[in-house]
Engineer: 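Handing you this structure, nothing more for now.
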Amino acid sequence: MKIAVLSRNPKLYSTRRLVEAAVQRGHEVRVLDVLRCYMNITSMRPSIHYRGEVLSGFDAVIPRIGASVTFYGNAVLRQFEMMGVYPLNESVAITRSRDKLRSLQLLARKGIGLPVTGFAHSPDDVQDMLKMVGGAPAVIKLLEGTQGIGVVLAETEKAAESVIEAFMGLRANILIQEFIQEAGGADIRCLVVGGKVVAAMKRQGKEGEFRSNLHRGGSASLIKLTPEERSTAMRAAGIMGLNVCGVDILRSNHGPVVMEVNSSPGLEGIENATQKDIAGLIIQFIEKNHQPHKTKTRGKG
Ligand code: ADP
Ligand code: MG
């Protein structure tokens, strides 16, 4: 196969591992900086140009689109889809996953366990909204944050009100969520490839930190999933329409709750924690499933 990896930096661990795994399995692979791609949007012959060259002959594309370039990156991915190139994750599914509110609504509709979550633009009654999610302590999140930035724990009602008002003053879209205290600053990252959980790790926030993100100094260790956690992760991936994703789960008193589904999960933490060749599994998935013009969401928004 000829595979394109859409990534801004070929030196990143995940990008390097995917390239390595593809080459090892005998494929031709190219890393393309998504912001350097430009497109010709014609109805008969959609094309993508790259540094003066017309791209052609790709069988599959692996999107590793950073949160800050979601909009343009997805447009390029959509163009690959229009050209019939098989995407590891489809542009529509990536768009869904990048919006926390949209993701939670889709998961809620199918009965996936979630933390009680409120969303508001500019409520007149911040107190009532807080009451709706069970009062303080509460977690307040920017709708499009990543890596733990933009996630705040408000321990008291007063603190929660000021944080909500401050974010609203900045015209930011926010989520207000029940704080799952019993998770103890830990969450579980389940890595799903092709509808199966192929690896899982527990991430524990550093001392005094409720956020478990590895970027915020959290540490990873092995964990055994319960059957309920495993099936929750598999179902969440299916609902989002993602072939490869990281499903983040909190262990709450009312069972596993999904916090978010990440469409470009980092491979470094999970490969190191589990010693599994996840990049290899991803390439194998593409080998089995790639077909020209095979997208579930073609023509849909
Ligand atoms: P990001 O997209 O920035 O990673 P998350 O929603 O994943 O944002 O939140 C970051 C971290 O904060 C999570 O990994 C988890 O450890 C903690 N966290 C988030 N929401 C809650 C919650 N409702 N209850 C307890 N901990 C939470
Ligand atoms: Mg997260």
Side-chain angles (χ1 to χ4, degrees), residues 14 65-68 70 94-108 112-120 129-130 132-156 159-160 163-164 167 172-192 200-221 223 229 232-233 236-237 240 242 245-270 273:
S14 303
I65 296 167
S68 60
T70 297
I94 295 174
T95 306
R96 282 181 199 140
S97 75
R98 287 288 157 88
D99 175 339
K100 287 181 201 249
L101 176 65
R102 187 174 179 185
S103 310
L104 293 177
Q105 285 178 319
L106 290 169
L107 297 172
I112 296 283
L114 302 169
V116 179
T117 304
F119 172 74
M129 166 126 137
L130 202 54
M132 192 173 84
V133 301
V139 176
I140 298 151
K141 297 185 191 183
L142 287 176
L143 206 53
E144 292 183 12
T146 68
Q147 307 186 342
I149 299 165
V151 180
V152 181
L153 172 61
E155 314 221 22
T156 65
V163 174
I164 294 168
F167 276 149
N173 282 315
I174 52 170
L175 290 176
I176 303 165
Q177 207 162 60
E178 161 196 20
F179 176 48
I180 310 292
Q181 192 146 17
E182 60 273 25
D187 73 352
I188 300 170
R189 158 62 60 99
C190 302
L191 209 106
V192 179
M201 65 176 167
K202 176 178 166 176
R203 298 180 301 192
Q204 178 73 55
K206 61 179 187 215
E207 189 70 30
E209 172 63 71
F210 82 102
R211 296 168 301 177
S212 60
N213 301 68
L214 301 183
H215 286 100
R216 303 266 73 73
S219 55
S221 60
I223 192 168
E229 286 161 353
T232 299
M240 300 298 295
L242 291 164
C245 61
V247 181
D248 295 343
I249 289 178
L250 291 171
R251 283 187 168 164
S252 86
N253 289 338
H254 47 97
V257 292
V258 172
M259 225 173 7
E260 66 173 342
V261 182
N262 192 318
S263 55
S264 278
L267 300 184
E268 187 167 16
I270 194 101

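Indexing begins at 1, ligand by ligand and atom by atom, following the structure's order.
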Engineer: Distance alone, cut at 3.5 Å: any donor-acceptor contact between the side chains of Q177 and T117?
Structural biologist: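 Present: a donor and an acceptor within the cut-off.
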
Engineer: Closest non-hydrogen protein atom to atom 17 (C) of ligand 1, residue and atom name please, with distance?
Structural biologist: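 Scanning the protein heavy atoms, the shortest distance from atom 17 (C) of ligand 1 goes to F210 O, 3.7 Å.
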
Engineer: Could you check which of K100, E182, Q147, E178 puts a non-hydrogen atom nearest to atom 8 (O) of ligand 1?
Structural biologist: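 Looking at heavy atoms only, the winner is K100.
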
Engineer: Compare every heavy atom of L101 with every heavy atom of L175, then report the nearest pair and how far apart it is.
Structural biologist: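 In this case the closest contact between L175 and L101 is CD2-CD1, 4.0 Å.
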
Engineer: Less than 4.0 Å is my threshold; does some heavy atom of G148 fall inside it relative to ligand 1?
Structural biologist: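 A heavy atom of G148 does come that close to ligand 1.
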
Engineer: How close does the nearest protein non-hydrogen atom get to atom 9 (O) of ligand 1, and which residue and atom is it?
Structural biologist: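 Nearest neighbour among protein heavy atoms for atom 9 (O) of ligand 1, to 0.1 Å: V151 CG2, 3.8 Å.
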
Engineer: What residue and heavy atom of the protein are closest to atom 7 (O) of ligand 1, and at what distance?
Structural biologist: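 Of every protein heavy atom, E260 OE2, 2.7 Å lies nearest to atom 7 (O) of ligand 1.
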
Engineer: Pick one of side chain, backbone, both or neither for how L250 approaches ligand 1, counting any non-hydrogen atom pair under 4.0 Å.
Structural biologist: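 Side chain only; the backbone of L250 stays clear of ligand 1.
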
Engineer: I'd like to know: is the Mg ion (ligand 2) within the 2.8 Å range of an N/O/S atom from E260, strictly under that distance?
Structural biologist: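 Coordinating: yes.
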
Engineer: Quick check: does any side chain N or O of R216 sit under 3.5 Å from a backbone N or O of Q147, one acting as donor and the other as acceptor?
Structural biologist: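 Yes.
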
Engineer: For V247 versus V192, what's the shortest heavy-atom pair and its separation?
Structural biologist: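 Residues V247 and V192, closest heavy atoms: CG2-CG2, 4.1 Å.
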
Engineer: Only heavy atoms of D187, strictly under 4.0 Å: list the atoms of ligand 1 that pass.
Structural biologist: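 Atoms satisfying the 4.0 Å criterion: 14 (O).
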
Engineer: Return a yes/no value for I180: is any of its N or O atoms, backbone included, closer than 3.5 angstrom to an N or O of ligand 1?
Structural biologist: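 Yes, at least one N or O pair falls under 3.5 Å.
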
Engineer: How close does the nearest protein non-hydrogen atom get to atom 12 (O) of ligand 1, and which residue and atom is it?
Structural biologist: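 Here the closest protein heavy atom is R211 CG, 3.4 Å.
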
Engineer: Quick check on contacts: which atoms of ligand 1 are under 4.0 angstrom from a heavy atom of K141?
Structural biologist: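 Taking each heavy atom of K141 in turn, ligand 1 has 5 (P), 6 (O), 19 (C), 20 (N) under 4.0 Å.
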
Engineer: Measuring from M240:CE to I94:CD1, what's the distance to the nearest 0.5 Å?
Structural biologist: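 Here the interatomic distance stands at 10.5 Å.
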
Engineer: Which distance, rounded to the nearest 0.5 Å, do you find between the CZ of R251 and the CD1 of I223?
Structural biologist: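 R251 CZ to I223 CD1: 4.0 Å, rounded to 0.5 Å.
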
Engineer: Is a side-chain donor or acceptor of S14 paired with a backbone partner of G266 at a separation under 3.5 angstrom?
Structural biologist: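 Judged by distance alone, no pair lies under 3.5 Å.
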
Engineer: Atom 15 (C) of ligand 1: which protein heavy atom is closest, and how many Å away?
Structural biologist: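 Looking only at protein heavy atoms, the one closest to atom 15 (C) of ligand 1 is M259 SD, 3.6 Å.
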
Engineer: Can an N or O of D248 be found at a distance shorter than 3.5 Å from an N or O of ligand 1?
Structural biologist: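 There is no such contact.
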
Engineer: Would you tell me which option among V133, L142, I140, N213 has the nearest heavy-atom contact to atom 4 (O) of ligand 1?
Structural biologist: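 Answer by nearest heavy atom: N213.
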
Engineer: Working to the nearest 0.5 angstrom, can you tell me the gap between I249 CD1 and T232 OG1?
Structural biologist: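 Going from CD1 on I249 over to OG1 on T232, the span is 5.5 Å.
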
Engineer: Keeping the roles fixed (side chain from E178, backbone from L114), state whether a donor-acceptor pair exists under 3.5 Å.
Structural biologist: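 No: the side chain of E178 does not pair with the backbone of L114.
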
